[in-house]
Amino acid sequence: MVKIFVRLLWKMLRVLIWVEQLVWRCVRLHRVRIVQVVHPLSAALMLLTVGFFVTYEMFYILPECCDVSGIYYKLHCLLILFFIHNIVGNMCKCWLTDTSFVGLPPDRWNPLPAEAPLWHLCTFCQMLVPPRAWHCRLCNCCILKRDHHCNVVANCIGHANQRYFVAFLLHLSLGSCTALVYNVYHMFSQKARLSDPIDFVSMSMGLGQTERAYNLFKNQTLSPHVSWLIITGGILKLTIFATVLATTHLVMQLVMVCRGSCMYYVKDRSYDLGLWNNLRNVLGKRVLWIALSPFVSSPLPHDGVQWLVPSQLSGRKPV
């Protein structure tokens, strides 16, 4: 039995390796087409999702929960607009910010004699690149402190634009949590519950009539009230999924930032300079002020070529 399990596991591993090789081969052969198709679709899907939830919350949920002429409704509309400003703004900043190595001035392309042993050769670009710079096959260039490639923002997340990506995830998570609170409150105010469409129909007709409820659902003979319960219940489930997804990505990014690491090398803590220094290396000198707007100026301590290690922190000698 153990031998069968080991053989099965080994075959699954070989299949995964084969799939990975096939994916990278497709990326190498059809990189331009993949970028031209996947990037616009991912960005459009994100913007459409945000737009849908904003419209749904502002023009259906909030009017059901409060008076549209009152201050409560106006304050919550301002909060939603604040989230939109930061989500769309940080998304655009991630896309427009060049975080590639070749995006630096040409005089920074060659290492100083003392730094040369720390640089490594990129076999794709055929040039020396600084520490923590790695090649992205979709961007077809080396990225300074490469974290990962994000299709939603159509760019690699690296040294120059990670602050915008963290802020993007932060406001996406806060906006999703806010929408979740609105939807849960609305469900309770309507004396509904999170369930499946058949359960909504059977609940409106009484217990013990599931078969009749199924027939009515199949024949689309539902009352408008029950139909709205089905829609709001489904959207509430989507909101829960969006909240969990955005919050999970945010937590992963914050853990990497606080550890001085990145998603490309999760276990690498060679550049962990302590919590505050790690935050400044990613978020810039103003750190927490970037949460207010993507247009808040927060200069980074360096250009991503020279990095400090903990043993050299006191002397402030770049590496």
When you measure from the side chain of [X] to the backbone of [Y], do you find a donor-acceptor pair of N or O atoms at a distance under 3.5 Å?
X: Ser298; Y: Leu283; value: yes
X: Asn183; Y: Leu236; value: no
X: Asn278; Y: Asp272; value: no
X: Asn155; Y: Thr97; value: yes
X: Asn161; Y: Gly158; value: yes
X: His159; Y: His302; value: yes
X: Asp67; Y: Tyr73; value: no
X: Ser173; Y: Ala246; value: yes
X: Thr243; Y: Ser176; value: yes
X: Arg286; Y: Ser297; value: yes

Are His249 and His148 near enough that their ring centres are under 6.0 Å apart?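 That pair fails the under 6.0 Å test.
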
State yes or no: do [X] and [Y] share one hydrophobic cluster built from I, L, V, M, F, W and Y residues joined by side-chain heavy-atom distances below 4.5 Å, directly or via other members?
X: Leu288; Y: Leu172; result: yes
X: Val152; Y: Leu48; result: no
X: Leu174; Y: Leu47; result: yes
X: Leu45; Y: Val50; result: no

State, without any angle test, whether His76 and Tyr72 hold a side-chain donor-acceptor pair at a distance under 3.5 Å. yes

Evaluate Phe168 against Asn86 for side chain to side chain contact (heavy atoms under 4.5 Å, CB included), listing each step before the verdict. CA-CA 7 Å; Phe168 167 72; Asn86 279 280; over 6 Å; no

What are the two closest heavy atoms between Trp109 and Val102, and how far apart are they? CZ2-O, 3.3 Å

What orientation do His85 and Phe295 show, parallel under 30°, tilted 30 to 60°, or perpendicular over 60°? tilted

If the plane angle is over 60° it's perpendicular, under 30° parallel, otherwise tilted; pick one for Tyr264 and Trp134. parallel

For atom CZ of Phe241, is the number of surrounding heavy atoms from other residues, nucleotides or ligands below 6.0 Å larger than 12?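 Incorrect, the count does not exceed 12.
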
Is it true that, when you exclude Trp119 itself, more than 12 heavy atoms of the residues, nucleotides or ligands shown sit nearer than 6.0 Å to its CH2?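 Result for CH2/Trp119: enclosed.
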
Looking at side-chain heavy atoms only, is the closest gap between Tyr271 and Leu308 below 4.5 Å?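 No, their side chains stay 4.5 Å or more apart.
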
Would Asp268 and Ser261 count as a side-chain hydrogen bond (donor to acceptor under 3.5 Å, both in side chains) if you check the C-alpha gap in whole Å, the side-chain angles of each, and the deciding distance to 0.1 Å? CA-CA 6 Å; Asp268 182 22; Ser261 184; 5.9 Å; no

May I have the step-by-step check of side chain to side chain contact (heavy atoms under 4.5 Å, CB included) for Tyr164 and Met91, ending in yes or no? CA-CA 7 Å; Tyr164 301 115; Met91 184 175 171; over 6 Å; no

